Amino acid sequence: MKIRHILAYLTVFASLAIYLYINASPYYLFTCSYINFPHTYCPKQTEIKGEVKHGFEPIKEKFSAQFSSGQHTAAQLEIFQNGETVVQLYGGEVETDPLLRNKQQLTPSMVIPIYSSGKIVESLVMAILEDRGLINYTEKISTYWPEFAQNGKENITIEILMKHQAGLLKITPKISVSDQGKADLLSSVLSQQRPSCYDQQCYHPFTRGLYVDQIVRRVDPKHRSFSQFAKEEIIDKLGGDVKYSLGTSNFPESEIALTVPFPTLRIIAYFLPRLLPMWIQDLFLTRDNTWEIAKEMFFPVNGSCVSDSFEMIEEIKGRGPSPVMNDPIWRVQENPSYSTVTNAHSLARIAQILLGAKDQAGNEVLSPQAIKRATRFDGSPVFDGWIKLDVQFSPAGLGDITTFFHSKLGPLIGWKGSGGSFIFVLPSRKVVFSYIPVASTYKYVDDRAIEL
């Protein structure tokens, strides 16, 4: 047998071992997963607390199984049906305070960063403004913000921005982390931006919320910020048990769970086999969009949606999703696109507005007609240059994530967040699904949520 044949076989077996490692329970160490040596870092038996209604017991069993197999360190899950809580589950140990790292048991009232799942609130705010006649989805943004009409942005409408088709993924010159809270500076900087991929479907992970904030400040009769508007027109009206904030400044550190990054070795173990020849990969690897996104994230490509999206904040390069919201500087920023902190119960309460839920005074938050307009999906899903999947967005910017879950029950309306969180409503069944894990996943679409 020739040396090259031996090396080829060794490469195949090494790749297979790496693949098994990455697909083993992510928060097990190797000794726990395969050798079963006693180890202090092996997942502990976690008590799953909460309640489930009759008929939903299999969800609790699956949730518990995810913990016992090492897929979670802590998580919250809330499901509503017909306005009633049918599943409320939580469990695990978390750390609070990025400096002190205090450990405690996760409770249903503790808040957790949910990253892009918070974009559902962006959409609700725009839907409320549209319902009140303060904006029109098909109107040019420059109608409300005249300075916006420069450098190729003259024809960009509210709908184009909310559907992630405006091409405004990057900011040139880059801003600092703290600049995200400087409305006057952003007003000037954002109005001068030039689209990098106008009229293409290209998800805006970080910037859409900054533009939405500027629009809200101009069309709201009280000229409130996005954060103030969301608090006063949504959160306060829903009632005291709803916890929501942009950034962590509004909650004591003891109530905020720190997110847990996916183990670095397992990230490496996922990506290494992707460097092998395709015929080897085809033998045992499952294709997904995560690798395609990562390639453009770490190896910038000129004109790439992914590469462009990281050209906006000086300090963003090299930061994983979990450390960002554990960092004392990043975690206090107010960016509607990624800095939302909330809990599963509150997120479900907020999403219920899309099913016609009323506020605590019995008033509609959104009229039925406004809900219909905000959740309308025209045409078919199209390939998104950032997500690397076929997606579809409504005029208010809500995503139809049916393709993520391979559902045949009708549109699943909502979105997902980096790290694994999911929020969606299933109008055909009057269901709200709200899921927030503390421990991150390396995949763009969290398999744990799909299982549940």
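All values reported here derive from a predicted model rather than from experimental measurement.
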Colleague: Any donor-acceptor pair under 3.5 Å linking the side chain of S225 with the backbone of Q228?
Modeller: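 Confirmed, S225 side chain pairs with Q228 backbone.
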
Colleague: Taking only Lys NZ, Arg NE, NH1 and NH2, and the carboxylate oxygens of Asp or Glu, determine whether K443 and D447 approach each other closer than 4.0 Å.
Modeller: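 Salt bridge present between K443 and D447.
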
Colleague: Show your working on side-chain contact (heavy atoms from CB on, under 4.5 Å) between Q180 and I175 and close with a plain yes or no.
Modeller: CA-CA 8 Å; Q180 295 174 93; I175 60 175; 4.2 Å; yes

Colleague: Are there more than 12 heavy atoms of other residues, nucleotides or ligands under 6.0 Å from atom CD1 of I329?
Modeller: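 For I329, atom CD1 is not crowded (no more than 12 foreign heavy atoms under 6.0 Å).
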
Colleague: With a 6.0 Å cut-off (strictly less than), is the heavy-atom count around NZ of K358, excluding the residue itself, greater than 12?
Modeller: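 Result for NZ/K358: open.
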
Colleague: Mind checking whether I79 and V432 have side chains closer than 4.5 Å, heavy atoms only?
Modeller: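 I79 does not reach V432 side chain to side chain.
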
Colleague: Tell me if a side-chain donor or acceptor on S346 pairs with a main-chain N or O of K243 at a distance below 3.5 Å.
Modeller: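 Such a contact is found between S346 side chain and K243 backbone.
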
Colleague: For side-chain hydrogen bond (donor to acceptor under 3.5 Å, both in side chains), just list the numbers for T107 and S109, CA-CA rounded to whole Å, side-chain angles, deciding distance to a tenth of an Å, and then say yes or no.
Modeller: CA-CA 5 Å; T107 68; S109 64; 3.3 Å; yes

Colleague: What verdict does the side-chain hydrogen bond (donor to acceptor under 3.5 Å, both in side chains) test give for T403 and D390, after you've listed the backbone C-alpha separation in whole Å, the side-chain angles of each residue and the deciding distance to 0.1 Å?
Modeller: CA-CA 8 Å; T403 54; D390 290 344; over 6 Å; no

Colleague: For the residue pair F404 and W415, does the interplanar ring angle fall in the parallel (under 30°), tilted (30 to 60°) or perpendicular (over 60°) class?
Modeller: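 Taking W415 first and then F404, their aromatic rings sit tilted (interplane angle of 30° to 60°).
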
Colleague: Give a yes-or-no answer on whether the side chains of Q165 and Q201 include a donor-acceptor pair shorter than 3.5 Å.
Modeller: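 Indeed, the side chains of Q165 and Q201 share at least one donor-acceptor pair under 3.5 Å.
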
Colleague: Does Q214 use its side chain to pair, donor to acceptor, with the backbone of A183 at less than 3.5 Å?
Modeller: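 Looks like yes, one N/O pair under 3.5 Å.
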
Colleague: Any non-hydrogen side-chain atom of P108 less than 4.5 Å from a side-chain atom of N343?
Modeller: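 No, every pair of side-chain atoms sits at 4.5 Å or beyond.
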
Colleague: Sequence neighbours left out, cut at 3.5 Å: what donor-acceptor pairs do the side chains of residues 420-429 make with other protein atoms?
Modeller:
{"residue": "S421", "atom": "OG", "partner": "I114", "partner atom": "O", "Å": "3.0"}
{"residue": "S421", "atom": "OG", "partner": "S117", "partner atom": "OG", "Å": "2.8"}
{"residue": "S428", "atom": "OG", "partner": "L409", "partner atom": "O", "Å": "2.8"}

Colleague: Is any NZ, NE, NH1 or NH2 atom of the basic residue among K430 and E84 found under 4.0 Å from an Asp or Glu carboxylate oxygen of the other?
Modeller: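 Looking at E84 together with K430, the answer is no, because their closest N to O distance does not fall below 4.0 Å.
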
Colleague: How far apart are the closest heavy atoms of G414 and I120, and which atoms are they?
Modeller: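 Shortest heavy-atom contact: CA-CD1, 4.5 Å.
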
Colleague: Do S367 and D131 get their side chains close enough for a donor-acceptor pair, meaning under 3.5 Å?
Modeller: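 Per modelled atom types, S367 and D131 side chains form a pair under 3.5 Å.
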
Colleague: Whether K222 and D220 form a salt bridge (side-chain N of Lys/Arg under 4.0 Å from carboxylate O of Asp/Glu) is what I want to check.
Modeller: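 Salt bridge between D220 and K222, a charged N being under 4.0 Å from a carboxylate O: no.
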
Colleague: Is the CG atom of D184 crowded by more than 12 outside heavy atoms at less than 6.0 Å?
Modeller: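 Not more than 12 within 6.0 Å, no.
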
Colleague: Does any part of the side chain of V94, heavy atoms only, come nearer than 4.5 Å to the side chain of L258, both counted from C-beta?
Modeller: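 The answer is no; the side chains never approach within 4.5 Å.
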
Colleague: Does the side chain of V365 come within less than 4.5 Å of D359's, by heavy atoms?
Modeller: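 In contact.
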
Colleague: To the nearest 0.5 Å, what is the distance between CD on Q333 and CG on D179?
Modeller: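 Output value for this atom pair is 9.0 Å.
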
Colleague: State, with a plain yes or no, whether a side-chain heavy atom of L169 is found less than 4.5 Å away from one of Y203.
Modeller: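 A side-chain contact under 4.5 Å is absent here.
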
Colleague: Please lay out, stage by stage, how I215 and F226 fare under the test side-chain contact (heavy atoms from CB on, under 4.5 Å).
Modeller: CA-CA 9 Å; I215 295 168; F226 175 93; over 6 Å; no

Colleague: With distance as the sole test, does R208 use its side chain to make a donor-acceptor pair with the main-chain N or O of M162 at under 3.5 Å?
Modeller: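 Answer holds: yes.
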
Colleague: Given I413 and I401, is the side-chain contact (heavy atoms from CB on, under 4.5 Å) satisfied, shown in steps?
Modeller: CA-CA 6 Å; I413 302 172; I401 58 175; over 6 Å; no

Colleague: May I ask you to decide if the ring planes of H72 and Y435 are parallel, tilted or perpendicular, using 30° and 60° as cut-offs?
Modeller: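 Judged by the thresholds at 30° and 60°, the geometry between H72 and Y435 is perpendicular.
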
Colleague: Once you round to the nearest 0.5 Å, how far does OG of S339 lie from CH2 of W330?
Modeller: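 If we round to the nearest 0.5 Å, S339:OG and W330:CH2 are 10.5 Å apart.
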
Colleague: Cationic tip of K416 within the cone over Y444's six-membered ring, i.e. under 6.0 Å and within 45° of the normal?
Modeller: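 Cation-pi check for K416 and Y444: passes.
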
Colleague: State, yes or no, whether a side-chain contact exists between L129 and V216 at a heavy-atom distance under 4.5 Å.
Modeller: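 Side-chain contact under 4.5 Å: yes.
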
Colleague: Is the closest side-chain donor-acceptor distance between S178 and S176 under 3.5 Å?
Modeller: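 Yes, S176 and S178 have a side-chain donor paired with an acceptor closer than 3.5 Å.
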
Colleague: Taking the side chain as every heavy atom from C-beta outward, state whether V86 and I59 have any atom pair closer than 4.5 Å.
Modeller: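 In short, these two side chains do not touch, never coming nearer than 4.5 Å.
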
Colleague: Has E255 got a side-chain atom pairing as donor or acceptor with E253's backbone, closer than 3.5 angstrom?
Modeller: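 Absent.
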
Colleague: Pair Q104, T96 - check side-chain contact (heavy atoms from CB on, under 4.5 Å), show working.
Modeller: CA-CA 8 Å; Q104 63 186 81; T96 61; 3.6 Å; yes

Colleague: Is a side-chain donor or acceptor of R218 paired with a backbone partner of H223 at a separation under 3.5 angstrom?
Modeller: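 No, the answer is negative, given that no donor and acceptor are paired below the 3.5 Å cut-off.
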
Colleague: What I want to check is whether the side chains of Q66 and E451 have a donor and an acceptor closer together than 3.5 Å.
Modeller: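 There is such a pair (donor and acceptor under 3.5 Å, judged by atom type) between the side chains of Q66 and E451.
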
Colleague: Do W386 and S309 have a side chain donor and acceptor closer than 3.5 Å?
Modeller: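 Short answer, yes.
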
Colleague: I'd like to know if R349 pairs up with E78 as an ion pair, taking the criterion as any Lys NZ or Arg NE/NH1/NH2 lying under 4.0 Å from an Asp or Glu carboxylate oxygen.
Modeller: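 Result for this pair is no, no salt bridge flagged.
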
Colleague: Give a yes or no on whether a salt bridge exists between R132 and E233, defined as a side-chain N under 4.0 angstrom from a carboxylate O.
Modeller: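 Result for this pair is yes, salt bridge flagged.
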
Colleague: When you measure from the side chain of K174 to the backbone of I171, do you find a donor-acceptor pair of N or O atoms at a distance under 3.5 Å?
Modeller: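 Such a contact is absent between K174 side chain and I171 backbone.
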
Colleague: Is there a donor-acceptor pair closer than 3.5 Å between any side-chain N or O of D97 and the backbone N or O of R101?
Modeller: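 No, D97 side chain to R101 backbone: no donor-acceptor pair under 3.5 Å.
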
Colleague: Could you please spell out the steps behind the side-chain hydrogen bond (donor to acceptor under 3.5 Å, both in side chains) verdict for E122 and S337?
Modeller: CA-CA 8 Å; E122 277 184 41; S337 285; 3.0 Å; yes

Colleague: Are any non-hydrogen side-chain atoms of F206 and I313 less than 4.5 angstrom apart?
Modeller: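 No; the side chains remain at least 4.5 Å from each other.
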
Colleague: For P113 and A257, work out which heavy atoms get closest and say how close.
Modeller: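 Smallest heavy-atom distance, with atoms named: CD-O, 3.5 Å.
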
Colleague: Any donor-acceptor pair under 3.5 Å linking the side chain of T207 with the backbone of H204?
Modeller: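 Looks like no, no N/O pair under 3.5 Å.
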
Colleague: Counting N and O atoms only, with roles assigned by atom type, does the side chain of S434 sit under 3.5 Å from a partner on the main chain of H345, one being a donor and the other an acceptor?
Modeller: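 Not confirmed, S434 side chain does not pair with H345 backbone.
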
Colleague: Using the side chain to side chain donor-acceptor pair (under 3.5 Å) criterion, which residues pair with T402? Sequence neighbours excluded.
Modeller: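 Side chain to side chain donor-acceptor pair (under 3.5 Å) list for T402, sorted by chain: D400.
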
Colleague: Passes side-chain hydrogen bond (donor to acceptor under 3.5 Å, both in side chains), Q193 versus Y211? Steps please.
Modeller: CA-CA 11 Å; Q193 297 306 302; Y211 286 95; 5.3 Å; no

Colleague: Decide whether Q105 and Y90 meet the rule of one side-chain donor and one side-chain acceptor closer than 3.5 Å.
Modeller: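 Side chains of Q105 and Y90: no pair found under 3.5 Å.
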
Colleague: Check the surroundings of atom CD in E232: do more than 12 heavy atoms from other residues, nucleotides or ligands lie under 6.0 Å from it?
Modeller: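 Buried by this count: over 12 neighbours within 6.0 Å.
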
